Amino acid sequence: MIASVIVDVPAKQIDRTFDYQVPENLQSVVQRGIRVVVPFGPRKIQGFILGIKEESSVKKLKLIEEVVDIEPVLNEELMSLSEWLTEQTLCYRISALQVMLPAAMKAKYNKFFHLLEDVDIPSHIRELFQKESPLTWKTADEQHALKDLQELIKQRKVEVKYVVRQSGNVKKKRFVEINGQLTVDDIPANAKKQKLIMEHLNRHDGKMSVAELKEAAGTTSAVIKTMIDNGYLKEFFSEQYRDPFAERTFEKTEHFTLTPDQKNAITPILEKVNQYEQQTFLLHGVTGSGKTEIYLQTIDQVLKQNRQAIMLVPEISLTPQMVQRFKGRFGNQVAVMHSGLSVGEKYDEWRKIHRGEVNVVVGARSAIFAPFKKLGVIIIDEEHETSYKQEDSPRYHARDVAIERSNRHGCPVILGSATPSLESFARAKKGNYQLLELEYRMNQQDLPEVRVIDMREELREGNRSMFSRDLLTEIEKRIEKKEQVVLFLNRRGYSSFIMCRDCGTVMQCPHCEVSLTYHRSKESMKCHYCGHEEYVPNTCPECESEHIRYFGTGTQKVEEELFKLMPHVKTIRMDVDTTSKKGSHEKLLDVFGRGEADILLGTQMIAKGLDFPNITLVGVLSADTMLHLPDFRASEKTFQLLTQVSGRAGRHEKPGEVIIQTYTPEHFSIELAKSQNYEWFYQKEMMMRKAAQYPPFYYLSLITLSHENVNKAAGVCNEIADILKSRLSDQSIILGPVASPIARIQDKYRYQCIIKYKREPELKNLLKKILDQYSDTGKDAVTIHIDVQPYIMM
DNA sequence: AGCACGCCGACT
DNA sequence: GTCGGCGTGCTC
């Protein structure tokens, strides 16, 4: 019996199967989809079995070392999906397999030195082995003993052993139970604590977790240990799930009655669910139109049919409120997967899905690979969000994976958004997707009134602060009325940088072509691309002037300004700095929700999902900061964000108001966000895209080359552009080679080439060939990246 | 990606 | 003359 294995090495030359002989004792367990440990060259690594066969063209086969799983971790559907993913995104097969599993299941590798012969070895090496045996690579390296060890290996006195370790650990909890042979009466009369422990245990069917028992009986583990040693108790371990929501109870919620609007939308969806048919729906509904209830009732129907549901939400909006709604409706049938969980917690949630203990998963992008066997619906909320596109290999878009999986399962996909991506809306208009419109807000309230403030006007009239007079007045009014305010700072692409006021020098990263970001807490400057950090200099490195200051409006700066203007107001600031600790995001929102602060000030992360009745004013401090980024989606993103943010105000009885500050009030994405007119925005933006030959009229592919030498990167990029030009049709447009928007990262210069095309059936094969030809791993080789349908052009 | 093998410069 | 630099090629 021979197994074809894809090994855990993401490299061009290794991206194929290797055959291994299956030892007699493993033949009954070995099958497609399980992981194994195999010898590979001098080391041992993990791999996935792709298939079983009886013969191989390779003469000398090695034996599989061991199996990691007893049953497949990836079922047949996911195994074949990985093939599709490899093909679509031009990634290595191993990366496609790996991305479907939680991070905890990625293998870790260790090297150990074993002493074979204790005679005639240097004394310092012997000492090392006396302290630690087997000796780890790490210690050997720290003690600078690697060289000597290498010599000893040659002399066959020391041997290297490679160990494959599974990082994902099943959490075990320690329990004790009454042994049975001895009873309370056998306990010595003076051992009061022991008797007490027995009493507690008897009240709990004779067994309890050690932690609980200690707590209940008020003793220490010493007493319990004595009882185990004396045979009164025996210990055992039980597998536990780490439950990130353990301390929370979820109130059971029931169906809402749907409005006629909602009924119209859900009917065609349920039809497809009942017919077990694929169909992609685009559910377009303004904020507050009740999309979530449609999701919930669809999932409910799916569960009744004994099928399962995947619900994707953007990472950033996977708030406790959201989880609450799903757990409240479906109880413990729900698994939650998002980046806020620890690696172990994610692993546990994944195992619940794999074992079929839950039927719904609510999660971010990677939850699209949830190992369900019978999918009844896949829902992608806020489908326009760019976080559904993975930016590193495999560069997949969750929407594409969703549609592919739905085809295999025969189930509908629902894409929901108040501001659909142009691509999706265009597909819906063409009839590729079925468009479902929710036109009314559920409780009939009006959309909040939106006021646009021209900041140029403010400047002309002498107001140099970041707050317009109107905004300040309105904030004051709300605070008097004890209502709450949300201030939104769009910081993307424009964070605080440090500049010399005399010569204009901006502090830049020495390794990347980007300016450093000021971090007030440490008085330092940091590079967001390579992590380089240094202290803010006292004098300008160029002109030695002392007039160095930071520019840009970071949230910290806004907070300070706000405090200067209104010292009596309590502000909560939410940004990466204040929410990096686990659970802090939730905590801050809780405080705000309880009304303990007047203003919530934040970035991106507060744009979504907040739903507090007392918010009656939303202020956008600078609407146009990302409008001028070199990104053809800049207008779309601005419109989406402003619409999104505006939706935070007046969601309940009290009417809401939105104030948008901008330097370009005449820009159509700001004008139309004011009236929340998606349809007009769509028409207008489509015209722009058509004129500029961008998606959805053209597809894109992006090729990036990077190398320490500018000329080399540019040269290879040029060669590739030439190949493309000669091999593609005249209909296609090749932009470049040009330097990437970020021209250098980690000392490597970056050149790129963009392909715009409508129909190019041979493009994938051509790109594969180019990848093949240019992905050398040698020392002086250029690094090539290909992103089919990129979202970020950097 | 690792790791071994193998061919040319500065040292005991 | 050797030690060791890292270029080249292989991993079932």
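Values reported hereafter were calculated over all heavy atoms of this structure, with side chains retained and with hydrogens, waters and symmetry mates removed. What you see is a predicted model; the values in this text were computed from it and never measured.
Nucleic acid contact class of A:I14 (heavy atoms, under 4.0 Å, all strands): base. A:F40 comes within 4.0 angstrom of a base, heavy atoms only. Using a 4.0 Å heavy-atom distance criterion, A:Q21 is classed as making no nucleic acid contact.
Between the C1' atom of C:dC10 and the CZ atom of A:F18 lies a distance of 9 Å, rounded to the nearest Å. Atom CD of A:Q46 and atom P of C:dT11 are 22 Å apart (whole Å). As rounded to whole Å, 12 Å separates atom C1' of B:dG2 from atom OH of A:Y109. Regarding A:E65, its CD atom lies at a distance of 12 Å from the P atom of C:dC12, rounded to whole Å. Between the CG atom of A:D15 and the C1' atom of C:dC10 there is a distance of 16 Å, rounded to whole Å. Across the protein-nucleic acid pair, A:K59 atom NZ and C:dT11 atom P stand 10 Å apart, rounded to whole Å. In this structure, A:Y92 atom OH and B:dA1 atom P are separated by 7 Å, rounded to whole Å. Between the P atom of C:dT11 and the CG atom of A:D19 lies a distance of 13 Å, rounded to the nearest Å.
By the neighbour-count criterion of 12 heavy atoms within 6.0 Å, atom CZ of A:R408 is densely surrounded, having more than that number from other residues, nucleotides or ligands. Counting heavy-atom neighbours within 6.0 Å of A:E708 CD, excluding the residue itself, gives a total of 12 or less. At most 12 non-hydrogen atoms from other residues, nucleotides or ligands lie less than 6.0 angstrom from CZ of A:R759.
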Pick out the pairs of N or O atoms, protein on one side and nucleotides 3-6 of chain B on the other, that lie under 3.5 Å.
from  : atom 1 : to     : atom 2 : distance (Å)
B:dC3 : OP1    : A:K111 : NZ     : 3.2
B:dC3 : OP2    : A:K111 : NZ     : 3.4

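Using a 4.0 Å cut-off between charged nitrogen and carboxylate oxygen, A:K131 and A:E127 do not count as a salt-bridge pair.
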| Given A:D15 and A:K12, is the salt bridge (Lys or Arg N to Asp or Glu O under 4.0 Å) satisfied, shown in steps? | CA-CA 5 Å; A:D15 189 27; A:K12 183 87 224 24; 5.2 Å; no
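Between the A:K389 side chain and the A:Q789 main chain, a donor and an acceptor come within less than 3.5 Å of each other.
Within the structure, a side-chain polar atom (N or O) of A:K62 is placed less than 4.0 Å from OP1 or OP2 of C:dC12.
When side chains are defined from C-beta on, A:Y751 does not count as touching A:I720, because their heavy atoms never get closer than 4.5 Å.
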